[in-house]
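Within every chain, numbering begins at 1; the chains are lettered A, B, ... in the order of the sequence lines, protein sequences first and strands thereafter.
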Amino acid sequence: MRAPRGELRVGLGHKDPGIRAQGRSSINIFPDDRSVDNARLSGRMPGMDLSFSAEDETFRREVRTFLSEALPDGLRAKAEIDAPFAMEDVMQWHRILFSRKWAAPGWPAEFGGPGLSPTQRFILTEELELAGTPQLSPFGLVMVGPAIMQFGTPQQQQRFLPKILSGEEVWCQGYSEPGAGSDLASLQCKAEDDGDSFIVNGQKTWTTYAQYADWIFCLVRTNGKVKKQAGITFLLIDMKSPGVEARPMLTIGEQPAFCDTFFDNVRVPKENVVGKIDAGWTVAKALLGHERTLLAMVGLSQRLLRRIKRIAAETTVGGKSMLEHGAWRGKIARLEIELEALKMTNYRVLAGAQLGHAPGPESSILKLRGTEINQRMYELAMEIMGHDALSWYAADGVVPAAEQGIAPQFCYARANTIFGGSNEIQKNIIAKWILGLPSGK
Amino acid sequence: MDFELSPEQKMLAQTVASFAKQRSPVERFRKLREQQQPWDPQVWAHMGELGWLSVPFSEDAGGFGAGMVEVAIIVEGLGRALAPEPYLASVVLAGMTLAAAGSQDQHERWLTPMMEGETALSLAYAERATRYDHGEPGTVAARDGSGWRISGEKVFALGGAQAQHFVVSAQTPDGLGLFVLDAEGPGVDRRVVRTIDGQGAAQLVLDGATVGDEHRLGEPGPSARSVLGHAIDRGAAAACSEGLGVAQTMLDMTVAHLKEREQFGVPIGAFQVLQHRAVDMFVEVQLLRSMSVLATVQSEHDDPQVRQRAISAAKATLASSGRFVSHEAIQLHGGIGITDEHDIGLYFKRMLSLNAVLGDEQHHVERFAAGAGF
C-alpha cells in the first residue's frame, strides 16, 4: 500500500497494519529494526535555491553602476586590454574604492568596513574581478588587517587599521626565508630582547612589492630553545627603520614583483608585537586561513575565459574561426566546465558562510583547484595564440595590444600554486585534517 | 542561495542511509548478481510502501509532489549501497516521461502500480544508430486501424531486464511519438543484456508490435520530443547523484584501506605520495558534489537552455571525476582491488555504466559547447 497522497514515509519500520493486512511476505526480507523511526512527513518539501536574492541582485547592479562611473579613463583603457597596472594605478583605485567604503569588502563596520553580508562581499569581489580593475594589495587589507582585528590591542587597531583601509600605508609580508619555505616554522630571522625593543637581524624573501611598502609584518624567532613553532613572534616593522633594505628581483614574468628584504640590527618597539611574544604561530595560522579563501580566483578565471573565447573567435584558421573548430571548442568547453565546478563549490562555501556555518571540507579545495584552473586558463590562452604567444612586452603592432600581456601573466601565474602555502602543503593539510591519514613519511 | 537540506530532507537522507546500511549491504547485490537477477521485486515493493517511488510525481498523478532534490537524496543513497532496484530507470526516466506525457487514465494504468512497487517501467529510447540522440529515432510507429504498429530496435533500455512495461519512442507521421508497450506484448521481443555492472538492461526487438491508441502518450511531435528530452536530462542529473554516492563510497573505502593496510611497518596512508593521490580523489568528489547540486537544482529550470547547460556540465564532470576517482581507488587498493571478491571493483564498474548511459563525456561536452550560454 502506498503512503497516502502528499505524505512520504521516511523510516523503515514495517509494522504498518495495512501491510500486514495484505499479508505481503515481501516485508519479511528485512530483519526487524526498531532503531529507525517510522516518521511521517507531509507537505511539499522545499527545493534548494541557486538564485541570488532580490536585494543581492540590486546590490550587484549598484556595483556595476559604480564601476561604470568610477573607473578612471586611464585605468579603464588598461583594463580593457588587460595591460599590467603600475603601483600608482593600484593605489589610485584603492583610494576610489575607499571613498565608496569598498576597499575592504570583508571588514566589519566597527573598523570602517562596509558591513556587507558574505554574499554581497562575494558579489563585490566578483564584479571587480570581472571588470578587470586593479587588484588591491592584499597584505594590509586581507592579511595583516584582519590579524590586527583578531589579535591586536586597541592601540594597534587605532594606529594601523585606518591607514590600511585608506591606503595611506602600504604593507608587505615577511614570512618566507631562504631556508624556510614550506617548512615555515624553521625560520631564523631573529629578534633579540633589548628592553622595550627587539633588535631584528636576518633575511626575508619573496616579499612581494616590499619596495613600495611602508610596513612589513614579519614572523621572527624570539626563542630558539623551544619547539620551533613555539618560539615565533608576529612583529610589525616600519620599512623606514634604519637597517631595513628591500632589493627587488625580476620574476620569470620580468616584473619586479619579488624582493629580498634584509634586516641589519633593526630596532623595533615591543608595542609592535601582535598577540603574545612567542605566540606568533597562532596568528600566522589564522592569517593563512584568510588568504586561502582569497585564492579561488573565480572572477579572474572567468574574465580570462572570456579573453580566450574572444581570441579564438577573432583568429581564423583554414577559413573559419578557431571557435568553430570542434577540437578547440571542445578544449575550451572542458575548461569552462571545470571552472563551473569550482564556481559551484565556491557557492556552496558562500551559502554556508551566509548561514554562519564554519567552513566545511569543500572550502579546502578552493585554493588547490582555483590556482590550477587559473594556470590552465593561461596555458590554453597561450596555446590558442600560437606564434603570438611568443610576443614579449612588444608594442610593435604585430600582436594585438590586448594579447601582449598574456605571456608575462602566464609566466607569473606559475606562482599561484606556490604562494599562500604550496599546493603540496595544502594537500598535506587535507590528508591530515580532513581525511585523517597518519602523519606523512 | 541556499543548499541546505530541510529537516525533512535530512530525515529522508538518514532513512535512505539506514536502509542501505541495515537492509541493503553490498552483499545483497552480490547475491542477486550471482543469481543473475537484476533486482529484488520484494525490495522494490517495499520502496513503494515507503512512498519513495511516488516522490517526484504530482499529487494529481497520485504522487508525493516533491522534486528532484528528494530524488537526488534517494538515488545518492542507493548508489552508496549499490542497490540495484531501478529507481533511476523506472521512476525518473520512464516514470517522469509517462507522468508528463500521459493522461489521467494512463497514469492510473501504468504509473500507479509502479508507484506502489508492483511493477517497474523502463524507457527504451536509445538506438544503435542514433547513439545518445533521442530526437530522431529509427523505430517507426505506423497507424494500424485504430491502433499502432511499431517496428525497430532499441538498445540498453535501463531497468528493462525485469520491467513489466516499456515507454518506447518511435517516429510517427506527425513526429516523435511515445508509446507504452507491455514487455510480453505481441511483436515485442525482449532480450536481456547482461551489463558490466551486474545490473542488466534490455534490448528490444520490435517486429510489428501492435498496441491500441490508448497506449499512445500525448500527441506525437515537438512536445513529445521535449518531454522525452527533459526526462533524459532528469535521468542524467540523477545519474550524477548516484555517481556521487558511488564516488564518495570509493573515496571512503580507499581512505579506510590506506589507514589499515600496513607495509614497510607503517600504514601505507603515511606515505605522502599516496596521501596526495587520496586528496586528489577528495577534490574530485567535492567538485562532483557541487555539480550534482547544480544539475539537481537546474533540472527543473523553465529555460531548457539553462537546464541543458547545467546538466551537460554536470554529466561531463561525472565522467571525468568519476573516471579519476574509480581508477585511483583501484590503484590505491593494490592487488586486492583487482579481485572480484573485493567490493571496490563493483563500484568501479557501476561508475563505468553511469558514464556510458544518458550521454557520455563527449556528447555532453559537445552539447555544452553548442549551447547558447557558451
In short, Leu437(A) meets Ala278(B) closest at the heavy-atom pair CD1-CB, 4.2 Å
Okay, Phe3(B) and chain A: the region with an atom under 4.5 Å from a heavy atom over there is both
If one checks every heavy atom of Asp280(B) against chain A at 4.5 Å, the contacting part turns out to be side chain
Legend entry - Stepwise side-chain contact (heavy atoms from CB on, under 4.5 Å) test for Val293(B) and Tyr347(A): CA-CA 11 Å; Val293(B) 170; Tyr347(A) 283 172; over 6 Å; no
Any sub-3.5 Å donor-acceptor pair from Glu338(A)'s side-chain atoms to Thr317(B)'s backbone N or O?
-> no
Distance col, row Ile434(A):CD1 vs Phe282(B):CZ, nearest 0.5 angstrom, shows 4.0 Å
Between Arg289(B) and the options Glu362(A), Met344(A), Arg348(A), the side-chain contact (heavy atoms from CB on, under 4.5 Å) test singles out Arg348(A)
Notebook entry, point to check: Does NZ or CZ of Lys309(A) fall inside the cone over Phe374(B)'s six-membered ring, less than 6.0 Å from its centre and within 45° of the axis?
Noted result: yes
Rounded to the nearest 0.5 Å, the CG atom of Leu355(A) sits from the CG atom of Asp2(B) at a distance of 6.0 Å
One option among His357(A), Lys432(A), Gln354(A) has the most heavy-atom pairs under 4.5 Å with chain B, and it is His357(A)
Heavy-atom nearest pair, Leu50(A) first then Leu294(B), reads CD2-CD1, 3.5 Å
Honestly, the part of Arg369(A) sitting under 4.5 Å from a heavy atom of chain B is side chain
Rounded to the nearest 0.5 angstrom, the OG-CD1 distance for Ser312(B) and Ile337(A) is 7.5 Å
Under 4.5 Å to a heavy atom of chain B? For Leu368(A) that would be side chain
Rounded to the nearest 0.5 angstrom, the CG-CG distance for Leu258(B) and Leu435(A) is 9.0 Å
The interface call for Val297(B) against chain A, heavy-atom contacts under 4.5 Å, is side chain
Under 4.5 Å to a heavy atom of chain B? For Leu305(A) that would be neither
Turns out that what part of Ala369(B) lies under 4.5 Å from chain A's heavy atoms comes down to both
Can you confirm whether Gln275(B) sits close enough to Lys427(A) that some side-chain heavy atom of one is under 4.5 Å from a side-chain heavy atom of the other?
no
- Criterion salt bridge (Lys or Arg N to Asp or Glu O under 4.0 Å) on Arg309(B) and Glu340(A), from CA distance to verdict: CA-CA 10 Å; Arg309(B) 182 179 192 278; Glu340(A) 195 75 19; 3.3 Å; yes
Minimal heavy-atom distance between Leu342(A) and Leu287(B), with the atoms involved, is N-CD2, 4.1 Å
Taking a cut-off of under 4.5 angstrom between non-hydrogen atoms, the residues of residues 116-125 of chain A near chain B are none
Counting heavy-atom pairs under 4.5 angstrom with chain A, the leader among Glu361(B), Gln14(B), Gln362(B), Gln298(B) is Glu361(B)
What do you reckon, is CD of Gln104(B) surrounded by more than 12 foreign heavy atoms closer than 6.0 Å? no
_Please determine whether side-chain contact (heavy atoms from CB on, under 4.5 Å) holds for the pair His276(B) and Asn428(A), giving the CA-CA distance in whole Å, both sets of side-chain angles, and the decisive distance to 0.1 Å._
CA-CA 7 Å; His276(B) 285 196; Asn428(A) 289 352; 2.6 Å; yes
To the nearest 0.5 Å, atom CD of Gln272(B) lies from atom OG of Ser439(A) at 11.5 Å
Ranking Ala351(A), Gly330(A), Ala341(A), Ser53(A) by heavy-atom pairs under 4.5 Å to chain B gives rank one to Ala341(A)
